[in-house]
Structures are given as structure tokens and as C-alpha cells.
Undergrad: 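Sharing a structure, written as C-alpha cells. Questions coming.
Residue numbers count from 1 along this sequence.
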Amino acid sequence: YFYNTVSVCSSVGCQYKREYDNREVKLEVLQGGELRGPATIKAEAGVASFLVATTDSPMLVLKAVSGNLETMRKLKLKK
């Protein structure tokens, strides 16, 4: 399993802003695993936490979306 947190940030960085409270964050696992729990969570203090079960794939690819903000990360996994 892989525990992942997503921080809601804008183009000026990840400084906490009250507007980030309760903002919905959606996480998609595109490769290398699957979510264990809800795919959409309301952020608390700009942070949303997800649990991802990994597979035997050497790469985990995640995509997070919150409003008009979107990011994708590729993580190399060790066995």
C-alpha cells in the first residue's frame, strides 16, 4: 500500500489559504495501483489524503484534480 497526500496549490505555491478548505480533490490512479477508498475527498487545510494499493508495476502514475488545478505524477516503485 502507498499512502498519498495531495496539497492544493496555485501557480504561486502551496501556502495555506482559507479558500482551500473543503475544496474537493479527485485522485485517479492511471497505472500501477488502485484506490482503496473514495476517489474524491474534501481537503482539510488544503490537504487531501488517499490510500493506494500498488501492483507489481515498476511505475505508479497518479492524477489529481481540484477545480481548475490539475497535476500528474509518475513515481518509480521499488520491490
Side-chain angles (χ1 to χ4, degrees):
Y1 287 96
F2 178 79
Y3 180 73
N4 186 55
T5 60
V6 176
S7 297
V8 179
C9 304
S10 68
S11 61
V12 295
C14 292
Q15 298 175 356
Y16 169 73
K17 294 183 180 180
R18 187 175 295 271
E19 66 193 66
Y20 296 158
D21 282 342
N22 295 316
R23 189 168 180 162
E24 285 195 346
V25 178
K26 180 180 179 182
L27 184 74
E28 292 180 65
V29 180
L30 303 177
Q31 179 184 333
E34 60 184 46
L35 280 172
R36 297 288 192 210
T40 303
I41 296 178
K42 287 190 176 186
E44 294 181 26
V47 177
S49 298
F50 299 89
L51 184 63
V52 177
T54 57
T55 63
D56 290 336
S57 174
M59 182 79 60
L60 179 64
V61 182
L62 304 171
K63 177 181 172 185
V65 178
S66 181
N68 62 344
L69 303 173
E70 182 177 314
T71 190
M72 187 172 74
R73 292 290 183 258
K74 295 180 181 181
L75 305 169
K76 290 184 181 180
L77 300 176
K78 294 181 180 180
K79 290 187 178 187

Undergrad: Write down the atom of Ser57, the atom of Gly32, and the distance for their closest heavy-atom approach.
TA: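 Minimum heavy-atom separation between Ser57 and Gly32: CB-CA, 3.6 Å.
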Undergrad: Any link between Val25 and Leu75 through a network of hydrophobic side chains (Ile, Leu, Val, Met, Phe, Trp, Tyr) touching at under 4.5 Å?
TA: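 Yes; Leu75 is reachable from Val25 via cluster members.
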Undergrad: Nearest 0.5 Å please: distance from the CD atom of Glu28 over to the NZ atom of Lys26.
TA: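 If we round to the nearest 0.5 Å, Glu28:CD and Lys26:NZ are 4.5 Å apart.
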Undergrad: Which heavy atom of Ile41 sits nearest to which heavy atom of Ser49, and what is that distance?
TA: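 Closest pair (atom of Ile41, atom of Ser49, distance): CD1-O, 3.0 Å.
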Undergrad: Would Val29 end up clustered with Leu77 when hydrophobic side chains under 4.5 Å apart are linked, directly or stepwise?
TA: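 Linked, Val29 and Leu77 end up in one cluster.
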Undergrad: Could you give the distance from NZ (Lys74) to CG (Leu30), rounded to the nearest 0.5 Å?
TA: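 The distance works out to 9.5 Å.
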Undergrad: At what distance, to the nearest 0.5 angstrom, does OG1 of Thr54 lie from CD of Gln31?
TA: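 Rounded to the nearest 0.5 Å, the OG1-CD separation comes to 12.5 Å.
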Undergrad: With heavy-atom distances below 4.5 Å as the criterion, would you say the side chains of Arg23 and Lys42 are in contact?
TA: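 SC-SC contact between Arg23 and Lys42 ruled out.
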Undergrad: Would you say CE of Met72 has more than 12 non-hydrogen atoms from neighbouring residues, nucleotides or ligands within 6.0 angstrom?
TA: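 Not more than 12 within 6.0 Å, no.
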Undergrad: When rounded to the nearest 0.5 angstrom, what is the spacing between CG in Leu60 and OG1 in Thr55?
TA: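 It is 8.0 Å, given to the nearest 0.5 Å.
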Undergrad: Within this structure, what is the CZ-CG distance for the pair Phe50 and Leu35, rounded to the nearest 0.5 Å?
TA: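 One gets 7.0 Å once the value is rounded to the nearest 0.5 Å.
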